[in-house]
Amino acid sequence: MTLKLHDTLSSCTGAAGGDGPLRVYSCGPTVYDRIHVGNARPFVVAMTLRRHLIRQGRPVKVVINVTDVNDKIYAAARAAGIPSPDFAAEMTGAYIADTDRLGLGRPDVEPRVTGTMPAIIALIETLVESGHAYAADGDVYYAVASFPTYGALSRQRPDQLLEEGRVEVGDGKRSPLDFALWKARKPDEDAWWDSPWGPGRPGWHIECSAMAMAHLGERIDVHGGGLDLLFPHHENERAQSEGATGEPFVSSWLHNGMLRFSGEKMSKSVGNVARLADALDEWGAETLLLLFARAHYRSPMDYNDDTLAQARAAGDGLREALRALATAAGDGSGDAELTDEARRRAAAFDAALDNDLATPQALAELHQLAGAGNRALAAGAVSARAGDVVRASLLDRLEVLGLAGFGHSTAAPEDVRLLAQQRLEARAARDFARADMLRDEIAARGFAVRDAPDGFELVPTR
RNA sequence: GGCGACGUGGCCGAGUGGUUAGGCAGCGGCCUGCAAAGCCGCGUACACCAGUUCGAUUCUGGUCGUCGCCUCCA
């Protein structure tokens with residue numbers, strides 16, 4: 001099985017990675033605020049890829065950085081009245097905590113800009129020495145004209161960009177297209193580092209080149225991030241990295257589509273954001289993960305109550321199937337057919353993910369298996385043993401998507417069981433008014449009661 | 001204006017030159033005291049206009065529309 005990914009540079013879908021661990025770098029957040037749901041998408045994509053490969057025993061190394069020095073951080077810290085390093089540390093902690101709640105685990109390395117300063121400065125020095133960069137009054141700029149294929153990744157033409165005249169003209173810049181690798185310290189900036197060019201801090205793009213190379217080497221397999229980072233961020237990263245090494249930097253540039261909120265991109269600058277933590281509070285990790293998985297990572301996707309409710313409903317179906325399989329006690333006449341289908345669907349799930357992380361299709365395989373299980377179960381044809389096998393195979397793949405929690409069932413507490421028992425008795429006495437009242441009471445305590453041949457079943461609501 | 005992505009049934013979302021993706025919602029039925037869950041049945045969609053073809057949702061050209069980037073942005 002070969003992993004194929006779509007590469008933005010070539011706009012082709014092709015084999016990703018060779019021998020050795022798949023080296024994946026994905027642009028993480030700038031921690032000037034709590035992250036929103038859109039910020040979580042590249043994290044989910046990278047971690048899904050990681051989990052998919054790990055489940056199959058294929059080696060992978062995922063690096064997602066944290067940008068903890070930046071203009072916006074200075075500004076936000078100032079507004080909050082605390083030192084910017086403290087502010088950045090606090091927000092970094094919040095980012096870790098928020099993404100932890102998704103239940104996808106952590107990347108292998110999560111480097112901070114502030115912890116990578118020597119590598120960043122060394123990379124800038126290399127670029128200066130090789131003529132790709134020049135110093136000017138304590139700033140250092142990348143000379144875009146020195147990189148012939150600048151614009152190839154984002155399909156921008158340098159002459160066209162210049163014509164637009166929208167690029168910022170810096171004081172010491174030779175060309176308006178040039179961008180800062182190092183920025184001299186400004187008087188009100190309370191975090192800075194010494195460098196050959198004087199005190200200051202790195203520009204936005206150089207950090208990612210340095211961190212990727214520091215942890216994955218000069219050539220990496222996959223570089224991910226939001227489509228909105230394509231230009232200028234990734235274009236500049238490519239120019240820096242390849243300028244420094246003279247070699248191709250990335251085999252597959254992976255760009256995820258934007259989340260749309262009310263028809264527009266969810267973005268802090270637009271102001272239409274839903275914080276990840278709030279979304280998790282309201283909908284839970286599983287519904288959010290399912291929402292992401294239901295759309296291909298490159299497609300734009302709508303984030304709203306309707307799409308979330310649909311994701312939740314789809315999840316409920318899988319949850320039900322798992323619950324039912326756990327209670328299988330049939331004659332086993334359908335075992336062979338069902339376990340065979342489970343094998344086929346599981347393989348198809350893997351193949352779908354190998355095909356440019358086609359999560360909607362992968363999910364469809366699971367839904368089909370769930371349906372097959374329900375049908376066989378309804379026919380009383382599934383033995384307890386086969387039920388377990390199929391259930392385990394379903395959970396095994398759901399785990400890749402972070403959805404193994406669908407298999408957990410909350411046992412009803414004693415008081416709820418007592419109410420259900422009383423309802424059973426009321427029904428036996430044909431006191432249906434009382435039975436319905438007890439059902440409402442049970443519902444108020446978070447459980448749905450279902451009649452079963454041998455009594456009742458209590459299922460947690462949500 | 002430049003560059004790019006995309007337009008599939010009520011919604012989400014695969015896919016293919018001629019044969020049912022799947023899910024959710026909806027309707028009818030089975031089951032149930034009523035439900036819930038599950039099962040059975042039901043929708044012939046592919047933006048528009050031309051062209052190629054025996055045949056196009058799938059190929060070609062054009063039109064329209066949506067979104068993104070071109071500026072901090074996942």
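Chain letters run A, B, ... following the sequence lines, proteins first and then strands; every chain starts at 1. What you are looking at is a predicted structure, and each value in this text was computed from that prediction instead of being measured.
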>> Classify H296(A) by what it touches in the nucleic acid, base, sugar-phosphate, or nothing, heavy-atom distance under 4.0 Å.
In response: sugar-phosphate
>> Can you measure L254(A) atom CG to A5(B) atom P for me and round it to whole angstrom units?
In response: 16 Å
> Contact class for Q156(A) vs. all strands (heavy atom < 4.0 Å): base, sugar-phosphate, or nothing?
Replying inline: base
> U8(B) and A56(B): how far apart are their C1' atoms, nearest whole angstrom?
Replying inline: 14 Å
> Counting only distance, no hydrogens or angles, is the base of A35(B) paired donor-acceptor with the side chain of R450(A) under 3.5 Å?
Replying inline: no
> Which part of the nucleic acid, if any, lies within reach of T307(A) when heavy atoms closer than 4.0 Å are counted: base, sugar-phosphate only, or nothing?
Replying inline: nothing
> Tell me, do Y297(A) and L357(A) make a side-chain contact under 4.5 Å, heavy atoms counted?
Replying inline: yes
> Do D451(A) side-chain and A35(B) base share a donor-acceptor contact under 3.5 Å?
Replying inline: yes
> Mind checking the C1' distance from A35(B) to U44(B)? Whole angstroms is fine.
Replying inline: 34 Å
> C67(B) P sits how many Å from M266(A) CE, rounded?
Replying inline: 16 Å
>> For G33(B), give the paired nucleotide (Watson-Crick: N1-N3 plus N6-O4 or O6-N4; G-U: N1-O2 and O6-N3; both under 3.5 Å), or none.
In response: none
> Quick one: which of C40(B), G38(B), C12(B) gets closest to the side chain of R294(A)?
Replying inline: C12(B)
> Checking all strands, does G225(A) fall into the base, sugar-phosphate, or nothing category for heavy-atom contacts under 4.0 angstrom?
Replying inline: sugar-phosphate
> Using a cut-off of 4.0 Å on non-hydrogen atoms, how would the nucleic acid contact of G257(A) be classed: base, sugar-phosphate, or nothing?
Replying inline: base
> Between L363(A) (CG) and G23(B) (P), how many Å, whole number?
Replying inline: 11 Å
> Contact class for L259(A) vs. all strands (heavy atom < 4.0 Å): base, sugar-phosphate, or nothing?
Replying inline: base
>> At 4.0 Å (heavy atoms only), tell me whether D71(A) reaches a base, stays on the sugar-phosphate, or touches nothing.
In response: nothing
>> Please classify the nucleic acid contact of V459(A) as base, sugar-phosphate, or nothing, using heavy-atom distances under 4.0 Å.
In response: nothing
> Which value, in whole Å, describes the distance between the P atoms of nucleotides A45(B) and C30(B)?
Replying inline: 31 Å
> Contact class for D228(A) (heavy atom, under 4.0 Å): base, sugar-phosphate, or nothing?
Replying inline: base
> Among K186(A), K183(A), R185(A), R201(A), whose side chain to side chain contact (heavy atoms under 4.5 Å, CB included) with W192(A) holds?
Replying inline: R185(A)
>> I'd like to know if R423(A) reaches the base of G33(B) with its side chain, counting only an N/O donor and acceptor under 3.5 Å.
In response: yes
>> Would you say N374(A) places a side-chain N or O within less than 4.0 Å of OP1 or OP2 belonging to C39(B)?
In response: yes
> Which one, G38(B), G23(B), C11(B), comes nearest to the side chain of A314(A)?
Replying inline: G23(B)
> Between E457(A) (CD) and A36(B) (C1'), how many Å, whole number?
Replying inline: 10 Å
>> Just the rounded figure in Å: distance from P of C72(B) to CG of N70(A).
In response: 11 Å
> Which base, if any, makes a Watson-Crick or G-U wobble pair with C54(B), both distances under 3.5 Å?
Replying inline: G18(B)
>> For a quick check, tell me whether the side chain of R427(A) and the base of G33(B) share a donor-acceptor pair closer than 3.5 Å.
In response: yes
> Is the base of C70(B) touched by the side chain of R157(A) through a donor-acceptor pair closer than 3.5 angstrom?
Replying inline: no
>> Would you measure the distance from the C1' atom in C39(B) across to the matching atom in U53(B) and give it in whole Å?
In response: 44 Å
>> Under 4.0 Å, heavy atoms only, any strand: does L230(A) hit a base, just the sugar-phosphate, or nothing?
In response: nothing
>> Nearest whole Å is fine: how far is C24(B) P from N304(A) CG?
In response: 18 Å
>> Quick check for you: among C39(B), G13(B), C34(B), whose closest atom lies nearest to any side-chain atom of R439(A)?
In response: C34(B)
>> Can you measure E207(A) atom CD to C72(B) atom P for me and round it to whole angstrom units?
In response: 14 Å
> The side chain of E320(A) lies closest to which of these nucleotides: C11(B), G38(B), G22(B)?
Replying inline: G38(B)
> Got a salt bridge between D316(A) and R312(A), using NZ or NE/NH1/NH2 to carboxylate O under 4.0 Å?
Replying inline: no
> Which whole number of Å gives the distance between the P atom of G26(B) and that of A37(B)?
Replying inline: 10 Å
>> Just to be sure I understand the rule, does A448(A) reach a base, reach only the sugar-phosphate, or reach nothing, if contact means heavy atoms closer than 4.0 Å?
In response: nothing
> For D350(A), which of R397(A), H52(A), R345(A) qualifies under side-chain hydrogen bond (donor to acceptor under 3.5 Å, both in side chains)?
Replying inline: R397(A)
>> Assess the residue pair H255(A) and H6(A) against the criterion (ring pair (Phe, Tyr, Trp, His ring centres under 6.0 Å)); give the C-alpha distance rounded to whole Å, side-chain angles, the decisive distance to 0.1 Å, and a yes or no.
In response: CA-CA 9 Å; H255(A) 288 104; H6(A) 185 268; 9.5 Å; no
>> Using the side-chain heavy atoms of R260(A), tell me which of these nucleotides is nearest: A14(B), A74(B), C67(B).
In response: C67(B)
> Just wondering, are more than 12 heavy atoms of other shown residues or ligands nearer than 6.0 Å to NZ in K268(A)?
Replying inline: yes
>> Heavy atoms only, 4.0 Å cut-off, all strands: where does Q368(A) land among base, sugar-phosphate and nothing?
In response: sugar-phosphate
>> Taking the C1' atom in each of U20(B) and C46(B), what is the distance between them to the nearest angstrom?
In response: 15 Å
> Watson-Crick or G-U wobble partner for U71(B), using a 3.5 Å limit on both distances?
Replying inline: none
> Atom CG of N236(A) to atom P of C72(B): distance rounded to whole Å?
Replying inline: 10 Å
> Once you round to the nearest 0.5 Å, how far does CD of E365(A) lie from CD of E341(A)?
Replying inline: 9.0 Å
> Is any side-chain heavy atom of D354(A) less than 4.5 Å from a side-chain heavy atom of F349(A)?
Replying inline: no
> When rounded to the nearest Å, what value does the distance between P atoms of A47(B) and C6(B) take?
Replying inline: 14 Å
> When all nucleic acid strands are considered with a 4.0 Å heavy-atom cut-off, which category describes F432(A): base, sugar-phosphate, or nothing?
Replying inline: base
> Given that both distances must come in under 3.5 Å, which nucleotide forms a Watson-Crick or G-U wobble pair with G26(B)?
Replying inline: C42(B)
>> Under 4.0 Å, heavy atoms only, any strand: does R298(A) hit a base, just the sugar-phosphate, or nothing?
In response: nothing
>> Using atom P in both nucleotides, what's the gap between A21(B) and U58(B) to the nearest angstrom?
In response: 16 Å
>> Of the listed nucleotides (G15(B), A74(B), C3(B)), which one gets closest to any side-chain atom of R155(A)?
In response: C3(B)
>> When you measure from the side-chain N and O atoms of K265(A) to the phosphate of A74(B), is any distance below 4.0 Å, counting only OP1 and OP2?
In response: no
>> Between S84(A) and R78(A), do the side chains contain a donor N or O and an acceptor N or O under 3.5 Å apart?
In response: no
